[in-house]
Amino acid sequence: MVSFEPPAAPDLSALPKAAPQLAAPEPGARSPPPPGLPANLPLTKLENCPGPESQQAGKMDACAGCPNQIICATAPKGPDPDLPLIRARMSSVKHKLLILSGKGGVGKSTFTAMLAHAFAQSPQVQVGVMDVDICGPSIPRMMGAVNESIHTSGAGWSPVYVADNLGVMSIQFLLPNQDDAVIWRGPKKNGLIKQFLRDVEWGELDFLLVDTPPGTTDEHLSVNTYLKESGVDGAVVVTTPNEVSLLDVRKEINFCKKAGIRVLGIVENMSGFVCPNCEGESQIFHATTGGAKALAEEMGVPFLGAVPLDPRIGVACDYGESFFDAYPESPACDGLMVIIRGLQDQIGFEQLPEYDE
Amino acid sequence: MSLEGVKHVILVLSGKGGVGKSSVTTQMALSLARRGHRVGVLDIDLTGPNIPRMFNVEDKKVTQGARGWIPVPVGTATENGGSICCMSLGFLLRDRGDSVVWRGPKKTAMVRQFMTDVVWGELDYLLIDTPPGTSDEHISLAEQMRTVNPDGAVIVTTPQAISTADVRKEINFCTKVGINILGVVENMSGFVCPHCSECTNVFSSGGGKTMAEQFSVEFFGAVPIDPSFNLMIESQSSEEAPLVEQYGKSKLEPIFKDITEKLVAKVNS
């Protein structure tokens with residue numbers, strides 16, 4: 001087994017027990033807030049934090065009571081020395097797309113895999129898929145590469161190629177056993193993501209699709225920090241039509257706005273289900289609040305399209321086959337083509353993948 | 001310690017997201033409350049808290065008592081004394097769309113505070129709903145659990161291999177940190193078409209059961225997809241009857257009755 005011991009984290013037990021505060025305090029807050037909950041919690045005031053790169057990190061008044069204070073105060077200052085290396089590595093990638101969703105299990109990986117296969121239809125387009133879901137990597141299975149492992153060369157780690165022009169990188173390839181759990185805290189996950197960006201020998205790529213885990217935490221912050229300088233085209237946000245999912249996705253779009261990531265659009269997955277027996281349509285994930293389209297309007301971001309729920313997609317994923325190649329006539333593939341055209345308008349890439357109508 | 005009056009602590013875990021951890025937690029809570037138990041629900045999914053939405057208490061706020069945070073009650077106690085109260089980060093957000101963008105150490109501190117500073121009072125069951133993965137929240141929870149001595153974890157999965165692959169990792173996590181596994185629930189197992197009553201395995205079927213057999217853990221049951229439960233959750237505010245009562249009419253109620261009976265038998269044995 002790989003050593004999955006948590007990294008030697010700074011001593012958090014030294015934190016005052018009652019202190020953990022919900023966010024960085026307001027600027028100029030001279031005294032610590034009263035015990036308990038203040039009337040309005042400054043939960044999302046990230047801008048008041050001087051930032052871990054600041055020379056003043058952990059030392060400003062605003063840092064008092066922040067659980068990260070000790071870490072910020074003791075960590076090395078200045079920009080990350082690896083950023084130029086990442087930029088150099090990423091300079092050969094034309095378009096970088098993030099696939100995001102606040103909610104789990106809405107089909108981020110499925111969508112990523114289908115999009116990758118769709119792009120890779122034309123042989124001259126080079127596609128890379130990077131799976132930064134450290135705790136639940138699904139991409140290798142969906143790509144039928146679950147038993148592969150990584151090779152290293154002088155130039156770096158070689159991605160696993162599932163087709164001539166489709167390379168994949170995931171932590172799953174580094175695990176000795178398929179079922180091994182990766183029990184890592186944030187800093188260790190960040191380290192691996194950095195390695196994925198810095199050390200993987202992608203070569204010349206037209207598209208790099210980055211599949212992310214659910215939530216708005218370490219992985220997302222890291223990917224954004226590391227890729228900011230190299231320039232990300234934007235993020236595609238995936239959701240299901242039900243409000244419980246939209247609730248989390250709303251948070252993800254807010255995160256993108258805060259982090260300065262352009263939202264290319266929202267994709268509604270699993271929208272509507274057609275019974276294979278009677279062809280009657282039913283809503284499994286009921287769009288009680290108007291679904292992704294209403295959310296897109298509400299948040300002022302484009303709505304890219306919808307992919308209906310098709311049980312064959314799930315089966316294709318389990319067996320690692322390309323749904324796109326197997327059922328090009330299906331409504332799901334039509335939906336996907338609409339989305340790709342929408343993406344094309346957004347980022348203006350020259351080549352639309354060839355598609356056998 | 002705020003968990004002194006709590007008889008049983010049960011975690012709801014899954015390596016995979018969107019398999020229905022929160023909805024299974026909700027239904028187990030409803031099912032237990034209908035049987036006269038006092039139930040607490042703690043939602044430690046910090047970046048995607050869904051429990052407030054599930055119980056239609058999104059607009060409620062947490063109040064600060066003399067001894068700590070007072071959880072939000074859901075409706076009133078049932079006739080046989082069952083009740084539900086819950087605690088989630090969702091209650092601490094100013095706006096429901098606000099995102100919580102935290103790195104690990106901050107999440108650790110928050111989980112710790114949830115475990116120690118909530119005044120649950122006397123509870124029969126405390127169900128802890130978790131985010132997907134095996135990372136900060138889970139490690140912190142496992143650390144806190146050492147002092148609490150939990151009864152164990154209920155693992156939720158959907159039937160496809162993509163989901164069970166991640167859930168296997170979660171089971172290995174539990175083994176590694178010494179959390180006992182009570183049983184496996186297979187959610188979204190088949191969908192009965194409302195038009196022709198034909199059952200379609202939208203996310204295939206049987207994966208949860210096979211996994212439970214492989215790891216020699218108990219299989220609690222398979223729960224089909226029922227869009228009407230989703231609608232019940234969404235239409236709570238317009239309904240007169242409390243959710244606990246309405247749930248009696250759901251087709252899923254007998255299934256969860258069976259699941260919770262197995263669960264209760266397991267933790268009391």
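Keep in mind that what you see is a predicted model, and the values were worked out from it rather than measured. Protein chains get the first letters and strands the later ones, always in sequence-line order, with residue 1 at the start of each.
Below 4.5 Å, heavy atoms of chain A meet heavy atoms from B:T200, B:N201, B:V202, B:F203, B:S204, all part of residues 200-211 of chain B.
Only the side chain of A:K189 comes within contact range of chain B, judged by heavy atoms closer than 4.5 Å. For A:N190, the part lying under 4.5 angstrom from a heavy atom of chain B is the side chain only. Contact annotation for B:F191: only side-chain heavy atoms (C-beta onward) come within less than 4.5 Å of a heavy atom of chain A. For chain A, the nearby parts of B:S140 are the backbone and the side chain; heavy atoms of each come within less than 4.5 Å. For A:V244, the parts lying near chain B are the backbone and the side chain together; criterion is any non-hydrogen pair under 4.5 Å. Proximity to chain A (any heavy atom under 4.5 Å) is restricted, for B:F215, to the side chain, taken from C-beta onward. Neither the backbone nor the side chain of B:P131 comes within contact range of chain A; no heavy atom of the residue lies under 4.5 Å from a heavy atom of that chain. Of the atoms belonging to A:E281, it is backbone heavy atoms, and not side-chain ones, that fall under 4.5 Å from chain B. In this structure, the portions of A:T217 lying under 4.5 Å from any heavy atom of chain B include both its backbone and its side chain. Heavy-atom distances place the side chain of B:C193, and not its backbone, under 4.5 Å from chain A. Residue A:P214 touches chain B through its side chain alone, counting heavy-atom pairs closer than 4.5 Å. At a 4.5 Å heavy-atom cutoff, A:Y319 makes no contact with chain B through either its backbone or its side chain. If you measure heavy-atom distances from B:E137 to chain A, you find no contacts under 4.5 Å at all. For a residue to count as touching a neighbouring chain, one of its non-hydrogen atoms must lie under 4.5 Å from one of that chain's; by this rule A:M142 touches chain B with backbone and side chain alike. Contacts of B:N230 with chain A are made by side-chain atoms alone, with heavy-atom separations under 4.5 Å and no backbone atom involved. For A:I284, the parts lying under 4.5 angstrom from a heavy atom of chain B are both the backbone and the side chain. Proximity to chain A involves both the backbone and the side chain of B:I162, based on heavy atoms less than 4.5 angstrom apart. Residue B:K61: no heavy atom, backbone or side chain, is found under 4.5 Å from chain A.
Under the side-chain contact (heavy atoms from CB on, under 4.5 Å) criterion, B:A222 pairs with B:E186, B:S189, B:F219, not counting sequence neighbours. Residues passing the side-chain contact (heavy atoms from CB on, under 4.5 Å) test with A:A259 are A:N224, A:F255, A:I261, sequence neighbours excluded.
Atom CG of A:D179 sits about 8.5 Å away from atom CD1 of B:I171, to the nearest 0.5 Å. Considering CH2 of B:W102 and OG1 of A:T216, their distance stands at 10.0 Å, rounded to 0.5 Å. Note that NZ of B:K106 and CG of A:D218 are 12.0 Å apart. Values are rounded to the nearest 0.5 Å. Atoms CG and OG, on A:D318 and B:S163 in that order, are 9.0 Å from each other to the nearest 0.5 Å. The distance from the CZ atom of A:R141 to the OG1 atom of B:T164 is 6.5 Å, given to the nearest 0.5 Å.
Using a 4.5 Å cut-off on side-chain heavy atoms (C-beta onward), B:E170 and A:C135 make no contact. Taking the side chain as every heavy atom from C-beta outward, A:S282 and B:P227 never approach each other to under 4.5 Å. The closest side-chain heavy-atom distance from B:E58 to A:L247 is below 4.5 Å. Taking 4.5 Å as the limit, some side-chain heavy atom of A:R250 sits within range of a side-chain heavy atom of B:R96. For the pair A:L175/B:K169, a side-chain contact is recorded, criterion being any heavy-atom separation below 4.5 Å from C-beta on. With contacts defined as side-chain heavy-atom distances shorter than 4.5 Å, the pair B:V101/A:N254 does not qualify. Looking at heavy atoms from C-beta onward, A:S222 lies in side-chain contact with B:R103 at the 4.5 angstrom threshold.
Your options are A:E243, A:R312, A:K103, and the one with the most heavy-atom pairs under 4.5 Å with chain B is A:E243. Ranked by heavy-atom pairs under 4.5 Å with chain B, the first of A:G314, A:G102, A:S138 is A:S138. The residue among B:L231, B:D95, B:I233, B:D226 with the most heavy atom pairs within less than 4.5 Å of chain A is B:L231. Note on B:G20, B:G97, B:G133, B:G104: by heavy-atom pairs under 4.5 Å with chain A, the leading option is B:G97.
Judged by distance alone, the side chain of B:D136 and the main-chain N or O of A:G186 form a donor-acceptor pair under 3.5 Å. B:T134 contributes a side-chain N or O that, together with a main-chain N or O of A:V182, makes up a donor-acceptor pair within less than 3.5 Å. Under a 3.5 Å cut-off, the side chain of B:S135 and the backbone N or O of A:W184 do form a donor-acceptor pair.
Closest heavy-atom contact between B:T47 and A:G215: OG1-CA, 3.5 Å.
Among residues at least two apart or in separate chains, salt bridge (Lys or Arg N to Asp or Glu O under 4.0 Å) pairs with a member in residues 227-238 of chain B are B:R53-B:E234.
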Test side chain to side chain donor-acceptor pair (under 3.5 Å) applied to B:N50 and A:D248, step by step:
CA-CA 8 Å; B:N50 293 141; A:D248 291 352; 3.2 Å; yes
Is there a side chain to side chain contact (heavy atoms under 4.5 Å, CB included) between B:S99 and A:K258 once you walk through the steps?
CA-CA 9 Å; B:S99 60; A:K258 261 187 236 170; 3.2 Å; yes
